[in-house]
Asker: 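Have a look at this one.
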Amino acid sequence: MLRRMEELCDAVLARLDLSGGGRRLVALSGAPGSGKSTLSEPLAAMLTERGVRSEVVPMDGFHLDNRLLEARGLMPRKGAPETFDLGGFKRLCHALRADDEVVYPLFDRSRDLAIAGAAHVGQDCSVAVIEGNYLLFDEPGWRDLADLWDVSIRLDVPLADLKARLVQRWLTHGLDQAAAEARARGNDLANAQRIASARLPADLTWC
């Protein structure tokens with residue numbers, strides 16, 4: 001695993017042009033349960049060890065609030081592209097590239113809500129490793145994000161592995177077996193299949 005991480009870090013650094021001003025953006029995209037959170041932190045840590053100060057910025061803080069989802073009839077589809085604040089997320093990405101310090105929201109999964117102003121990226125950060133489901137997604141509005149990435153990475157995980165991970169995720173959050181399987185099958189896996197059917201090219205792939 002360490003060797004593979006070193007190879008990924010080398011590949012990212014080989015594609016990054018660190019000359020000139022502005023923060024660089026590395027997109028880490030994948031379906032729910034593909035391991036984005038698991039990979040993003042060690043990648044940012046390894047880039048930092050190599051002298052390129054990096055921090056992880058999750059897209060999940062841009063989940064729309066449950067009250068808004070309920071009003072729009074979207075609560076059963078939470079996690080689908082239309083349940084995110086795409087405009088707000090785009091503004092964050094532009095700010096990450098241009099501004100010295102950027103404050104952004106985080107998603108609290110245990111409370112199922114986003115918390116405004118919960119994290120920040122400081123001026124010493126050279127690379128933001130942005131992780132999210134729809135960073136390489138070929139649908140209106142979302143496909144425009146691809147132009148923002150200096151390097152893009154796709155996590156490619158078989159559907160059977162995704163299902164096992166997602167069921168375990170919901171078991172961990174207190175659902176029983178039947179409810180966890182229903183939650184994974186009815187929403188998360190539907191989103192994973194939607195992502196798979198509308199994939200934009202990535203610079204690098206992690207399997």
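Counting begins at 1 with the first residue of the sequence.
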Asker: Under 3.5 Å, is there a donor-acceptor pair between the side chain of Arg154 and the main chain of Gly30?
Answerer: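 Pair absent, no side-chain N/O of Arg154 close to backbone of Gly30.
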
Asker: Can you give the donor-acceptor pairs under 3.5 Å from side chains of residues 95-107 to other protein atoms, not counting sequence neighbours?
Answerer:
unit_1: Arg97; atom_1: NH1; unit_2: Asp150; atom_2: OD2; d: 3.4
unit_1: Arg97; atom_1: NH2; unit_2: Leu148; atom_2: O; d: 2.4
unit_1: Arg97; atom_1: NH2; unit_2: Asp150; atom_2: OD2; d: 3.0
unit_1: Tyr104; atom_1: OH; unit_2: Val56; atom_2: O; d: 3.2

Asker: Please list, one pair per line, the donor and acceptor atoms closer than 3.5 Å that link side chains of residues 119-132 to other protein atoms, with sequence neighbours excluded.
Answerer:
unit_1: Glu131; atom_1: OE2; unit_2: Ser37; atom_2: OG; d: 3.2

Asker: Excluding sequence neighbours, so at least two apart, what forms side chain to side chain donor-acceptor pair (under 3.5 Å) with Arg143?
Answerer: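 Arg143 satisfies side chain to side chain donor-acceptor pair (under 3.5 Å) with Asp138 only.
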
Asker: Starting from the C-alpha separation in whole Å, work towards a yes-or-no answer on side-chain contact (heavy atoms from CB on, under 4.5 Å) for Val167 and Leu171.
Answerer: CA-CA 6 Å; Val167 169; Leu171 289 171; 4.0 Å; yes

Asker: Which pair of heavy atoms, one from Cys9 and one from Leu43, lies closest together, and at what distance?
Answerer: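 So the two residues come closest at CA-CD1, 4.2 Å.
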
Asker: Quick one: side chain to side chain contact (heavy atoms under 4.5 Å, CB included) partners of Ala196, sequence neighbours excluded?
Answerer: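 If we apply the side chain to side chain contact (heavy atoms under 4.5 Å, CB included) test to Ala196, skipping adjacent residues, there are no hits.
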
Asker: Does any N or O in the side chain of Lys36 come within less than 3.5 Å of the main-chain N or O of Ala31, such that one atom is a donor and the other an acceptor?
Answerer: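 Here the side-chain-to-backbone pair exists.
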
Asker: Flag the pair Leu162 / Pro158 as yes when at least one side-chain heavy-atom distance between them is below 4.5 Å, and no otherwise.
Answerer: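 They are not in contact (no side-chain heavy atoms under 4.5 Å apart), so the answer is no.
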
Asker: Tell me which pairs pass ring pair (Phe, Tyr, Trp, His ring centres under 6.0 Å) where either residue lies in residues 187-207, with sequence neighbours left out.
Answerer: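 Qualifying pairs: none.
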
Asker: To the closest 0.5 Å, what do you measure between CG (Asn66) and CZ (Arg111)?
Answerer: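 Here the interatomic distance stands at 12.5 Å.
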
Asker: How long is the straight-line distance from CG of Leu74 back to CG of Leu68, given to the nearest 0.5 Å?
Answerer: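 Spacing of CG (Leu68) from CG (Leu74) equals 8.5 Å.
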
Asker: List the residues meeting side chain to side chain contact (heavy atoms under 4.5 Å, CB included) with Leu86, not counting sequence neighbours, and say none if there are none.
Answerer: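 Testing Leu86 for side chain to side chain contact (heavy atoms under 4.5 Å, CB included), a comparison that skips the adjacent residues, returns Lys90, Trp142, Leu145.
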
Asker: Mind checking side chain to side chain donor-acceptor pair (under 3.5 Å) for Glu6 and listing every partner two or more places apart, or none if nothing turns up?
Answerer: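 Side chain to side chain donor-acceptor pair (under 3.5 Å) check on Glu6 returns Arg3.
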
Asker: Taking atom CZ of Arg165 and atom OG1 of Thr172, what is their separation to the nearest 0.5 Å?
Answerer: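 It comes to 13.5 Å.
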
Asker: Closest heavy-atom contact between Pro201 and Ser152?
Answerer: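 In this case the closest contact between Pro201 and Ser152 is O-OG, 4.1 Å.
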
Asker: For Tyr134 and Ile195, which heavy atoms make the closest approach, and how far apart are they?
Answerer: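 Closest heavy-atom pair between Tyr134 and Ile195: CE2-CG1, 3.5 Å.
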
Asker: Any heavy-atom pair between the side chains of Met5 and Leu39 that's under 4.5 Å?
Answerer: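 Yes. Closest side-chain heavy atoms under 4.5 Å.
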
Asker: According to side chain to side chain contact (heavy atoms under 4.5 Å, CB included), who are the partners of Arg194, at least two apart in sequence or on a separate chain?
Answerer: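 For Arg194, the residues satisfying side chain to side chain contact (heavy atoms under 4.5 Å, CB included) (neighbours in sequence not counted) are Arg77, Ala80, Pro81, Glu82, Phe137, Glu139.
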
Asker: For Cys207 and Val157, run side-chain contact (heavy atoms from CB on, under 4.5 Å): C-alpha distance rounded to whole Å, both residues' side-chain angles, the deciding distance at 0.1 Å, then the answer.
Answerer: CA-CA 6 Å; Cys207 301; Val157 178; over 6 Å; no

Asker: Go through the structure and list residues passing salt bridge (Lys or Arg N to Asp or Glu O under 4.0 Å) with Asp60, not counting sequence neighbours.
Answerer: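 Here the qualifying residues are Arg109.
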
Asker: Could you give the distance from CG (Asp65) to OG1 (Thr83), rounded to the nearest 0.5 Å?
Answerer: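 Here the rounded value is 12.0 Å.
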
Asker: Please check if Leu8 and Leu13 belong to a single hydrophobic cluster, counting links between Ile, Leu, Val, Met, Phe, Trp and Tyr side chain heavy atoms closer than 4.5 Å.
Answerer: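 Both belong to a single hydrophobic cluster.
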
Asker: Would Asn191 and Asn133 count as a side-chain hydrogen bond (donor to acceptor under 3.5 Å, both in side chains) here? Give the steps.
Answerer: CA-CA 9 Å; Asn191 291 332; Asn133 295 344; over 6 Å; no

Asker: So Gln193 and Leu159, do their side chains get closer than 4.5 Å, heavy atoms only?
Answerer: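 A side-chain contact under 4.5 Å exists here.
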
Asker: Roughly how far, to the nearest 0.5 Å, is SG of Cys93 from CG of Leu25?
Answerer: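 Spacing of CG (Leu25) from SG (Cys93) equals 6.5 Å.
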
Asker: Got a sec, which residues hit side chain to side chain contact (heavy atoms under 4.5 Å, CB included) with Arg15, two or more places apart in sequence or on another chain?
Answerer: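 Testing Arg15 for side chain to side chain contact (heavy atoms under 4.5 Å, CB included), a comparison that skips the adjacent residues, returns Ala11, Val151, Asp203, Leu204.
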
Asker: Applying side chain to side chain donor-acceptor pair (under 3.5 Å), can you list everything that pairs with Asp10, at least two apart in sequence or on another chain?
Answerer: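 Asp10: side chain to side chain donor-acceptor pair (under 3.5 Å) contacts with Arg50.
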
Asker: Checking Glu70 now: which residues fulfil salt bridge (Lys or Arg N to Asp or Glu O under 4.0 Å) with it, not counting sequence neighbours?
Answerer: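 Counting only residues at least two positions away or on another chain, Glu70 forms no salt bridge (Lys or Arg N to Asp or Glu O under 4.0 Å).
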
Asker: Within a strict 4.5 Å, meaning less than it, do heavy atoms of the Arg24 and Val12 side chains meet?
Answerer: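 Contact flag for Arg24/Val12 side chains = no.
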
Asker: If you define the side chain from C-beta out and look only at heavy atoms, does anything of Trp149 sit under 4.5 Å from Leu135?
Answerer: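 When only atoms from C-beta onward are counted, Leu135 and Trp149 do touch, with a gap below 4.5 Å.
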
Asker: Within the distance-only criterion (no hydrogens, no angle test), does the side chain of Thr48 pair as donor or acceptor with the backbone N or O of Met46 below 3.5 angstrom?
Answerer: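 Side chain of Thr48 to backbone of Met46, a donor-acceptor pair under 3.5 Å: no, none is there.
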
Asker: Going from CG on Leu113 to CG on Asp108, what distance comes out if it is rounded to the nearest 0.5 angstrom?
Answerer: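 The CG atom of Leu113 sits 6.0 Å away from the CG atom of Asp108.
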
Asker: Can you tell me if Asn187 uses its side chain to pair, donor with acceptor, with the backbone of Lys78 under 3.5 Å?
Answerer: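 Checking the backbone N and O of Lys78 against the side chain of Asn187, a donor-acceptor pair under 3.5 Å is found.
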
Asker: Between Leu200, Leu155, Ile153, Leu136, which is the residue that forms a side chain to side chain contact (heavy atoms under 4.5 Å, CB included) with Ser29?
Answerer: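 In the set Leu200, Leu155, Ile153, Leu136, the residue that makes a side chain to side chain contact (heavy atoms under 4.5 Å, CB included) with Ser29 is Leu136.
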
